Amino acid sequence: MHRLRFAPSPTGYLHVGGARTALFNWLFVKHYGGQFLLRVEDTDRARSTEASTRAIFEGLEWLGLAWDEAVVHQGANLAQHRADAQRLLERGAAYRCFCTPDEIEARRREAEASGDAFKYDRRCDRLPADELARRVAAGMPFVVRFRVPDGETSWDDVVHGVITFPNKDIEDFVVLRSDGTPIYNMAVVSDDIAMRITLVMRGDDHISNTPKQIMLYEALGAALPRFAHLPMIHGVDGKKLSKRHGATAVGDYRHMGILPQAMLNFLALLGWSPGNDIEVMTVPQMIELFSTEGLSKKAAIFDPKKLEWMNGQHLSLLASEALAPLVTDALTNAGLATADQFTSKRAWLIALIDLLKVRSRTIDDIVRQAAPYLSAHVSYDPEAVAKQWKDRPTTVELLSSLRNTLAAIEPWEPPAMEEALRTQAEQRGVGAGKLFQPLRVALTGLTVSAGIFDVLALLGRDRALARIDDALNYLRS
RNA sequence: GGCGGUAUCGUCUAGGGGACCAGGACGGAGCCCUCUCAAGGCUCAAACACGGGUUCGAAUCCCGUUACCGCUACCA
């Protein structure tokens with residue numbers, strides 16, 4: 001049984017890069033079977049916050065990436081980490097190092113000054129037994145260093161294939177600080193063993209940690225998991241994604257009106273390809289199609305434009321009924337409507353969404369376009385007025401005439417409207433657009449909207465006529 | 001600096017020796033549809049980093065170079 005885990009450190013919001021890593025872990029488990037676990041790596045007390053932990057949970061929940069079993073808090077496993085480090089010491093795989101940070105730093109500077117790469121010289125490992133005993137007895141502070149064995153360390157990475165590191169390039173790294181707390185690599189390995197993780201899938205910035213971790217597994221006598229190192233996600237400038245690139249937290253996109261399934265679909269395509277030129281997928285399709293074969297090695301650049309397009313695709317994939325709650329929420333938040341406003345007008349709301357979603361890429365786009373249909377009056381876009389109501393007397397005459405025609409239409413439905421209005425255009429010897437555009441401005445205040453008959457239908461006869469009256473008043477004043 | 005990783009259109013990618021004068025998608029340009037805006041359809045511009053090999057044949061394999069990224073902490 002596969003057991004994978006997503007292990008974010010709660011030092012900020014759920015980042016798109018983290019979300020993508022979580023997604024691939026989740027997809028793997030959903031496709032191949034197994035458990036998807038969540039571990040919060042909160043051992044950096046200085047940077048970890050409760051708020052961040054909550055934000056990560058919320059982000060994952062919003063995306064629908066549900067985890068199995070209870071969340072593991074790394075900070076709670078300190079005793080286990082320490083015990084594992086102690087075992088390392090007992091087995092002779094690690095040793096006590098009494099060098100102080102200042103001493104190490106001084107030697108490092110010295111080495112750099114002479115152009116050499118610094119590597120801990122293992123001097124404390126050569127301490128005579130009696131001296132070692134004396135220092136321990138005297139209670140001298142020490143860190144525990146792992147004694148890197150000779151040879152080389154390699155593994156068959158699921159995405160990169162075989163990667164090999166000569167051990168001589170790895171120094172005896174610290175596994176336990178002088179205060180007895182574990183260093184990252186120790187904590188990770190200890191936890192992954194305890195959680196019985198079978199596949200460690202994470203960002204490829206961890207590639208160089210991997211040989212150290214493998215050595216730890218081996219020294220601890222634990223079975224090795226497999227490793228899969230996913231490529232990073234960069235900003236448009238090719239640099240590591242940061243706040244400078246604008247929205248990088250998944251929550252930001254949620255608030256911009258992006259659908260979670262679109263976010264997932266977009267993220268999935270960053271570093272993975274199902275092949276066959278498939279792009280737009282539902283979540284079940286992604287699970288079905290997911291394969292480690294399609295994983296890419298190359299860092300990808302986050303393109304918000306394509307995300308928006310993707311969202312538009314998912315918007316049209318979704319039934320307006322399903323969109324309704326999201327739209328009402330957004331409308332409410334925008335102060336354009338109240339939820340109970342729609343309880344009696346559900347069919348009307350659905351019709352409105354039908355009209356708007358095809359010309360929207362986000363929920364927010366829908367909200368922006370909804371204003372003319374919800375408010376009592378419209379405000380006229382100056383450019384629209386300038387362009388479509390250029391000659392006021394003519395426009396007044398036209399709108400008045402249109403008003404009369406509209407008032408007599410029966411039933412109040414698009415086919416009847418279309419016939420009446422087109423007939424009128426013919427009688428006037430002008431193209432239909434000459435009527436529709438000025439009318440559109442009267443109805444919506446804008447030169448762009450859904451088809452004019454749909455707008456009329458949605459507005460209802462009374463409001464449509466009232467809008468025309470408003471326009472007439474405006475034009476005469 | 002050392003070590004590791006990566007390298008196909010601006011971007012995401014297909015491609016795993018001949019099917020490729022390199023396919024799809026986003027974005028861009030244009031056309032069609034059309035009451036406007038979208039959506040949709042069609043068309044165009046746009047890439048195998050460079051240099052050596054291997055091979056009858058390389059985007060695909062190997063080696064260098066270059067560029068970029070990551071790690072190089074008593075951070076995670």
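All figures in this text were calculated on a predicted structure; none of them were measured in a lab. Within every chain, numbering begins at 1; the chains are lettered A, B, ... in the order of the sequence lines, protein sequences first and strands thereafter.
Out of B/rA76, B/rU11, B/rU36, the shortest distance to the side chain of A/H206 is found at B/rA76. Of all nucleotides listed (B/rA76, B/rU8, B/rC37), B/rA76 comes nearest to the side chain of A/S9. Out of B/rU36, B/rU8, B/rA25, the shortest distance to the side chain of A/K298 is found at B/rU8. Closest to the A/W309 side chain, of the nucleotides B/rC26, B/rC3, B/rC69, is B/rC26. You'll find that the side chain of A/D277 is closest to B/rG23, out of B/rG23, B/rC35, B/rA73. Taking the side chain of A/Q74 as heavy atoms from C-beta on, and the options B/rA76, B/rC12, B/rC35, the nearest nucleotide is B/rA76. Side-chain proximity of A/S273 to the nucleotides B/rA14, B/rA39, B/rG5 is greatest for B/rA14. Counting only heavy atoms from C-beta on, A/R145 has its side chain closest to B/rC74 among B/rC74, B/rA76, B/rC3. The A/R440 side chain lies nearest to B/rC35 when the options are B/rG16, B/rG5, B/rC35. If you check B/rC12, B/rC69, B/rA73 against the side chain of A/R108, the one that comes closest is B/rA73.
The shortest distance between the side-chain N/O atoms of A/R177 and the OP1/OP2 oxygens of B/rA73 is not below 4.0 Å. Considering only side-chain N and O atoms, A/K305 lies nowhere under 4.0 angstrom from the phosphate OP1 or OP2 of B/rG28. At least one side-chain nitrogen or oxygen of A/R361 sits closer than 4.0 Å to the OP1 or OP2 atom of B/rA39. Contact between the side-chain N/O atoms of A/H160 and the OP1/OP2 oxygens of B/rU6 is found at a separation under 4.0 Å.
Using a 4.0 Å heavy-atom criterion, one finds that A/H229 contacts no nucleic acid atom at all. Within 4.0 Å of A/E279, counting heavy atoms only, lies at least one base atom of the nucleic acid. A/V143 comes within 4.0 angstrom of a base, heavy atoms only. Within 4.0 Å of A/I452, counting heavy atoms only, lies at least one base atom of the nucleic acid. Contact annotation for A/T447: base contact, defined as any heavy-atom pair under 4.0 Å involving a base atom. Note on A/G451: a base of the nucleic acid sits closer than 4.0 angstrom, heavy atoms only. At the heavy-atom level, A/T43 lies under 4.0 Å from the strands shown only through sugar-phosphate atoms. Using a 4.0 Å heavy-atom criterion, one finds that A/G203 contacts no nucleic acid atom at all. Nucleic acid contact class of A/N276 (heavy atoms, under 4.0 Å, all strands): none. Among the protein residues, A/T164 comes within range of the sugar-phosphate backbone only, with heavy atoms under 4.0 Å from sugar or phosphate atoms but none that close to a base. Across all strands, A/F165 comes closer than 4.0 Å only to sugar-phosphate atoms, never to a base (heavy-atom distances). Looking at heavy-atom distances under 4.0 Å, A/A187 makes no contact with the nucleic acid at all.
Side-chain atoms of A/N185 and base atoms of B/rA76 include no donor and acceptor less than 3.5 Å apart. Residue-to-nucleotide contacts include a donor-acceptor pair under 3.5 Å from the side chain of A/S178 to the base of B/rC74. At a cut-off of 3.5 angstrom, the base of B/rA7 holds no donor-acceptor pair with the side chain of A/K297.
The aromatic rings of A/W67 and A/F57 are tilted relative to each other, their planes meeting at an angle between 30° and 60°. Between A/F290 and A/F24, the angle of the ring planes lies from 30° to 60°, which puts this pair in the tilted group. Between A/F266 and A/F302, the ring-plane angle classifies as perpendicular under the 30° and 60° cut-offs.
Pair check for B/rG18 finds B/rC56; Watson-Crick or G-U wobble, both atom distances under 3.5 Å. Pair assignment for B/rU11: B/rA25, on the basis of Watson-Crick or G-U wobble contacts that are both within less than 3.5 Å. Across all strands shown, B/rC42 forms a Watson-Crick or G-U wobble pair with B/rG30, both key distances being under 3.5 Å. Using Watson-Crick or G-U wobble geometry with both donor-acceptor distances under 3.5 Å, B/rA49 finds its partner in B/rU65. Remark: B/rC74 base-pairs with no nucleotide in the shown strands. Criterion, Watson-Crick or G-U wobble with two distances under 3.5 Å.
No more than 12 heavy-atom neighbours from other residues, nucleotides or ligands sit within 6.0 angstrom of CD on A/E419. Other residues, nucleotides and ligands contribute over 12 non-hydrogen atoms within 6.0 Å of the CZ atom of A/F173. Annotation: A/D156, atom CG; neighbour count of heavy atoms from other residues, nucleotides and ligands within 6.0 Å is above 12. Within 6.0 Å of CD in A/E426 there are 12 or fewer heavy atoms belonging to other residues, nucleotides or ligands. Surrounding CD of A/E112 are more than 12 heavy atoms belonging to other residues, nucleotides or ligands, all under 6.0 Å away. Crowding of A/K119 atom NZ: a count of heavy atoms from other residues, nucleotides or ligands under 6.0 Å exceeding 12.
Rounded to whole Å, the distance from NZ on A/K168 to C1' on B/rU72 is 14 Å. The separation between A/E171 atom CD and B/rC3 atom C1' is 13 Å, rounded to whole Å. Across the protein-nucleic acid pair, A/Q313 atom CD and B/rA38 atom C1' stand 13 Å apart, rounded to whole Å. In this structure, the CG atom of A/D204 is 10 Å from the P atom of B/rC71, given to the nearest Å. In this structure, A/F146 places its CZ atom 18 Å from C1' of B/rA73, rounding to the nearest Å. If you take CD of A/Q213 and C1' of B/rC71, they are 12 Å apart, rounded to a whole angstrom. A straight line from CE of A/M232 to P of B/rA76 spans 18 Å, rounded to a whole angstrom. The distance between atom CG of A/L307 and atom P of B/rG27, rounded to the nearest whole Å, is 12 Å.
One C1' atom belongs to B/rC26, the other to B/rC75, and the distance between them is 37 Å to the nearest Å. Taking atom P in both B/rU65 and B/rC9, one finds a spacing of 23 Å when rounded to whole Å. Atom name P, nucleotides B/rG28 and B/rC35: the rounded distance is 25 Å, in whole Å. When the C1' atom is used for both B/rU11 and B/rA45, the distance is 16 Å, rounded to whole Å. The gap from the C1' atom of B/rU36 to that of B/rU43 amounts to 24 Å, rounded to the nearest Å.
Mapping A/D454 and A/A299 onto RNA chain B via the closest heavy atom, the residue that lands nearer the 5' end is A/A299. Between A/G271 and A/I207, the one whose closest nucleotide on RNA chain B sits nearer the 5' end is A/I207.
The two atoms that bring A/M215 and A/P149 nearest to each other are SD-CD, 3.6 Å, heavy atoms only.
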